[in-house]
Number of protein chains: 2
Amino acid sequence: MDQRQKSELTKQSIINESFKLFYENGFKTTSVDTIMKATNLTKGAFYHHFKNKKELGLAVIGLKLQKRVYESMVAPLYGPEPPIEILSSIFYKRLKAFNLYEKQHGCPANNFINEIGDYETVYQTALKRIVEEWKSALVYVLDRGKTEGQIKQDICSKSVAVYLISSFEGVRGLRKLYDNDLILDEYISGLSLYIENLKV
Amino acid sequence: MDQRQKSELTKQSIINESFKLFYENGFKTTSVDTIMKATNLTKGAFYHHFKNKKELGLAVIGLKLQKRVYESMVAPLYGPEPPIEILSSIFYKRLKAFNLYEKQHGCPANNFINEIGDYETVYQTALKRIVEEWKSALVYVLDRGKTEGQIKQDICSKSVAVYLISSFEGVRGLRKLYDNDLILDEYISGLSLYIENLKV
DNA sequence: AAAAAAACATACTACATAGTATTTAATTTT
DNA sequence: AAAATTAAATACTATGTAGTATGTTTTTTT
């Protein structure tokens, strides 16, 4: 392996460990020292690859968070199945697929949003991008549902998209408070009712 | 004013300033020094009134956060108006009543939930109390709606309650990312649809 | 193989942090 | 009024923090 590849690997390693630590303990409260301890590297390596902690934060948001949300919640919305099926399965499946660790610590993106969404404009912009991408995909599938006559014409796709995202992120925070899945099951039941009412 | 009253005032002053600073900058990232600077008091005063920062955190949650949620979102649910009216007005009114500062920084309770809901059990328990109180009130008004024949019999009150809370807290986080109210308006529209579908 | 550059390590600075120890001032009790 | 108690101030410790300065090693270029 040449130098460039190895260097890229260490950079990715820093980003990966950061994502994990930010997820477990928060962005602001995770120190560069802690991160570098986790990577078995030193501060020299960190500041060789990143200008400062902010640059790392933006890298984690733009690479890890965005990718995570895209792969799990966005991409499936562009699938060929009937819109209502896609909607009801994607949220349901996703929630059911979370392991205990993911239930306890909530949504990585939502954690960032709540911690530093009001902190600095650069973070705001980077996080907004994730939400907008998700929203667009939801609007796409909802509009398709209307076109294909499966979803009521008079509903506002954007509003439904926002409502779906809000409730999903909201419950991922609430779940942190409990040591069982009751709240998630209740959420799913509440969501089902909502989606049911979108049908013509 | 006697000593006890004055002492209680300084304690409340510490709690109030803490609430404000926690809200703006987060719990873990607001230092005791910063708080005492804001109160124009010193560290001696702080550690006279509180054993440690954790005790302060619990005081802020149990007194300020709980009270805030109760007064704005819980108490009105026990009013005499028709359930559907209460539901659609309370969420709508609350969102419309927020000033810019409150929109930018999200929900104080939700911020705590997302920051330290997975941090230590004592915080978990204290925050859970707030959510459960809110949920109970929603279930109460939903059940009343069923009894009074205004709300569909076959919906699960708990599920709807959880879904309502989730979406509300979710959008309060999302709003942080934007510099206008579009997302709130879309949320309200999405919520209206949801509530509309609860009617018989 | 020598020179240059890149990738990292080590050692440091300046400041922030939670909490403690001790002192001073004000108030209440006797 | 003296003694005791409470409220708060001051001074401190030990550790954590972001970031810098400089050194060393490895790889690439010449």
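In what follows, every chain begins at residue 1, and chains take the letters A, B, ... in the order their sequences are listed.
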For the side chain of A:K43 and the base of C:dA9, is some donor closer than 3.5 Å to an acceptor across the two?
no

Minimum-distance nucleotide (side-chain atoms of B:Y47 versus D:dT6, D:dA9, C:dG19)
C:dG19

To the nearest Å, how far apart are B:K6 NZ and D:dT6 C1'?
11 Å

Tell me whether the side-chain N/O atoms of B:H49 come closer than 4.0 Å to OP1 or OP2 in D:dA7.
no

Pairs under 3.5 Å (Watson-Crick or G-U), crossing ones as [ ], inter-strand ones as |: DNA chain C comes out as ||||||||||||||||||||||||||||||

With a 4.0 Å cut-off on N to O distance, would you call B:E102 and B:R68 a salt bridge?
yes

Quick one: which of D:dA8, C:dA7, C:dA9 gets closest to the side chain of A:S7?
C:dA7

Would you check, one step at a time, whether the test side-chain contact (heavy atoms from CB on, under 4.5 Å) holds for A:Y140 with A:L77?
CA-CA 8 Å; A:Y140 164 79; A:L77 296 174; 5.7 Å; no

Quick one: is D:dA8 close enough that its OP1 or OP2 comes under 4.0 Å of any side-chain N or O from B:T10?
yes

Take A:T29 and A:K51, find for each the nucleotide of DNA chain D with the closest heavy atom, and name the residue whose nucleotide sits nearer the 5' end.
A:T29

Please state whether the phosphate of C:dC8, meaning OP1 or OP2, lies under 4.0 angstrom from any side-chain nitrogen or oxygen of A:H48.
no

Can you tell which of B:F168, B:Y163, B:Y187 makes a ring pair (Phe, Tyr, Trp, His ring centres under 6.0 Å) with B:Y194?
B:Y163

Starting from C1' on D:dT29, measure out to CZ on A:R4 and report it in whole angstrom.
14 Å

From the set D:dG19, C:dC8, D:dT28, return the single nucleotide nearest to any side-chain atom of A:N52.
D:dG19

Nearest nucleotide by nearest heavy atom, which residue falls closer to the 5' end of DNA chain D, A:S31 or A:G44?
A:S31

Just checking, B:K53 and B:F46: is the charged tip under 6.0 Å from the six-membered ring centre and within 45° of the axis?
no

Please determine if A:D185 and A:K96 form a salt bridge, counting it only when a charged side-chain N lies under 4.0 Å from a carboxylate O.
yes

Given that B:K53 and A:T42 both sit by DNA chain C, which one's nearest nucleotide is further toward the 5' end?
A:T42

Find the distance A:K54:NZ to D:dG19:P and express it as a whole number of Å.
9 Å

